[in-house]
Number of protein chains: 2
Amino acid sequence: MSLKDVAERAGVSIKTVSNVVNNYPHITPTTRAKVQRAIDDLGYRPNLTARHLRKGRTGILALAVPELGNPYFAELAGDVIDAAAEHDYTVLLDHTQGRRERELLVTQGFRARVIDGLILNPLELEPEDLAVRTDDAPLVLIGERRYDLPYDHIAIDNIAAARAAVRHLLDLGRRRIAFLGARGDRPSQPAHLRLLGWQAELAASGVPADESLVAPVEGWDRADGAAAMAALLDAGARPDAVFAYNDLIAIGAMRAMSERGLRVPEDIAVVGFDDLTEGRYGAVTLTTVSPDKRAIARLAVESLVSAIAGGRRDEERTPRELQPGFALVERESTLGA
Amino acid sequence: MSLKDVAERAGVSIKTVSNVVNNYPHITPTTRAKVQRAIDDLGYRPNLTARHLRKGRTGILALAVPELGNPYFAELAGDVIDAAAEHDYTVLLDHTQGRRERELLVTQGFRARVIDGLILNPLELEPEDLAVRTDDAPLVLIGERRYDLPYDHIAIDNIAAARAAVRHLLDLGRRRIAFLGARGDRPSQPAHLRLLGWQAELAASGVPADESLVAPVEGWDRADGAAAMAALLDAGARPDAVFAYNDLIAIGAMRAMSERGLRVPEDIAVVGFDDLTEGRYGAVTLTTVSPDKRAIARLAVESLVSAIAGGRRDEERTPRELQPGFALVERESTLGA
DNA sequence: TTGAAAGCGCTAACAG
DNA sequence: CTGTTAGCGCTTTCAA
């Protein structure tokens, strides 16, 4: 069933039907009614694929995040879907599992021209991977990592956010503040900025940064946090506070502490990062850095939509560094019940 | 850039290029090399939209879940994406917020013909909404609700699963077992089967089903669980166990208990449903019914893919009721540390 | 083994 | 205000 069928049934031309379907204004009410009638009778629905082929746009954006099992990305994805809907775009979701080859595949546009643009949160992708990108769909980057490439990048000020977290712990009188979430193998990678913030705030307060309090993690989930905390404690470290790369790691760490009979915050105060809903419902609610996810989603979508509409090629654009706000949310894991 | 450009550059016809791109076997190596060279030089990528228009299929499935913020659906979505990828399909994700009109919109195919099929987890949709469905993309239903309509339905045996949970509590000697997650306004709705299971298992054991231990919820998140538990306790109920509709409600309920100084499981044992990773990292780990999410995802995708391939119209199909397995995972919230 | 040509369903000129 | 026509880029008969 196509425009043609409707046209035949209504006794008009294809163009007229198209006009009705697209709400083209100058149509006599009689014609419109006649056509509408045929549309209803036949149950006609326009074929968007054909429309897209013709217009060169599909109305689909892709969002690629490392892992939907991480509530931060799930919540963000929901916000992106909502923001995209406001611009009449729908969202195709990918998860890369934080693996470089998957991230690479996504940026190289393996959906060639079914998407109009891509929002990517890279974890392992290297600048050179992005530099040789050939796909011409607009790309917007989100997340902690910065690439000095001609793509808009949306992320909160991670260093400032980390400093605020550490500042809060220092203000509470804690001095032996551990950082959970370094990557031993590649020190410059994802958690870099938050680690820098930790160092900077300690330095600014004249508190020595004890490297034995920096714990590496294997991944970014609760199990990794629990393992890292256990390793830290087993190695004999005695922190009085923990700043975790994210809430999941913080939650895993708290579990490890409770298994060892350590109390939060009396023995060890904990601050996380992401403000997951999950952190508000533990036995001890979690103090955390709360990035403005809605703003991140909105800015990413707006950036992409304008790039698509503008039809500018990436190389011709001046990339923007957009920084939504964040807030430190103080809860029981630092303040007590 | 199109096949035409490549053809011109290679000095062959469009068809030949198409053959190369599609790995059509009977091509002389010389020709293939020549064409491949042109493809590489030009950086040609096939336009999937055009291919789809021609073939009548898009290679995109849609998955519509109530809420990505609920980790159960986020985890399930990840599994569906993986299962779809095995069949060379990609997934377009929607969230309906459990609102009937959004669910309706999705089933009526507002993405008309950009998707080849739809997997839907309805919450509020009524049978009559589905009965008048006109969109002809195959549909597969997942989740607790059953509709007697010609669509495959994939869900674990909710009554049996609920009974196993209640059985476990009874075996531990609990007798005043509350059910958290009824919907006061519409008793027949989503949580129906699990409530039935609660009733059935109590009846089978000769334990009276105390209706004052059935607590309604406003929604399905942690806050709803906390509110329901608080209301139950404030009303003077003194359960010695709680079976929650899902893990989020159970987690919220445990938070409400801990705020009142009640201990889990000493004072009240708790069983949830969904087996979220989150439940394994609280101060008290959560006993829960663990549905086989991977199997649900796999079956849903396979059902859809075969319906698409078969080209059968819904009315002609014999709907199947597929039941993946589940397991009761016993943890601290019923067994203690 | 390769080429020519038709057509998937739609929109956008351009006419009338 | 409405009709005709030419493609968007691809696959697919049908020939050569």
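Only this structure's heavy atoms are used, side chains among them; waters, hydrogens and symmetry mates stay out.
In this structure, the CZ atom of B:Arg45 is 21 Å from the P atom of D:dC8, given to the nearest Å. At whole-Å resolution of the value, CG in A:Leu48 and C1' in C:dT11 are 13 Å apart. The distance between atom NZ of B:Lys4 and atom P of C:dA4, rounded to the nearest whole Å, is 13 Å. B:Ile27 has its CD1 atom 10 Å from the P atom of C:dG3, to the nearest Å. The distance from atom CG of B:Asn47 to atom C1' of D:dC8 is 8 Å, rounded to the nearest whole Å. Whole-Å rounding puts the A:Arg51 CZ to C:dC8 P distance at 18 Å. When the P atom of D:dG7 is taken as reference, atom CG of B:Leu3 falls 17 Å away, rounded to whole Å. Residue A:Leu53 contributes atom CG, which lies 18 Å from atom P of D:dA6 at whole-angstrom precision.
In terms of modelled atom types and a separation under 3.5 Å, the side chain of B:His153 and the main chain of B:Glu144 share no donor-acceptor contact. Checking side-chain atoms of A:Asp129 against main-chain N and O of A:Glu126 turns up a donor-acceptor pair under 3.5 Å. Side-chain N or O atoms of B:Thr58 include one that pairs as donor or acceptor with a backbone N or O of B:Val114 at under 3.5 Å. Using a distance-only test at 3.5 Å, with no hydrogens or angles considered, a donor-acceptor pair links the side chain of A:Arg133 to the main chain of A:Thr107. A donor-acceptor pair is defined here as one N or O able to donate and one able to accept, closer than 3.5 Å; such a pair exists between the side chain of B:Lys293 and the backbone of B:Asp274.
Note that CD of A:Glu321 and CG of A:Asp148 are 8.0 Å apart. Values are rounded to the nearest 0.5 Å. To the nearest 0.5 Å, the span separating CZ on B:Arg51 from CG on A:Leu53 amounts to 13.0 Å. The distance from the CG atom of B:Leu118 to the CD atom of B:Gln108 is 11.0 Å, given to the nearest 0.5 Å.
A salt bridge does not link A:Arg298 to A:Glu86: none of the charged side-chain nitrogens sits closer than 4.0 Å to a carboxylate oxygen.
Among the nucleotides C:dT1, C:dG9, D:dC10, the one closest to any side-chain atom of B:His26 is C:dT1.
Taken over five-pair windows at either terminus, the axes of the helix from C:dT1-D:dA16 to C:dG16-D:dC1 are inclined to one another by 40° (rounded to 10 degrees).
Contact between the side-chain N/O atoms of A:Tyr24 and the OP1/OP2 oxygens of D:dG3 is not found at any separation under 4.0 Å. Of the side-chain N and O atoms in A:Thr16, none sit less than 4.0 angstrom from OP1 or OP2 of D:dT2. Here B:Asn22 reaches the OP1 or OP2 of D:dT11: one of its side-chain N or O atoms lies under 4.0 Å away.
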Where do N or O atoms of nucleotides 12-16 of chain D meet protein N or O atoms at under 3.5 Å, pair by pair?
none

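Of the residues in residues 28-36 of chain A, those lying under 4.0 Å from DNA chain D by heavy-atom distance are A:Thr28, A:Thr31.
Between B:Ala155 and B:Gly143, the shortest heavy-atom contact is CB-O, 3.3 Å.
No engagement by B:Val21 is indicated, since no non-hydrogen atom pair under 4.0 Å with the nucleic acid exists.
Here the side chains of A:Arg102 and A:Glu124 are not in contact, with every heavy-atom distance at 4.5 Å or above.
No side-chain donor from either of A:Asn19 and A:His26 sits under 3.5 Å from a side-chain acceptor of the other.
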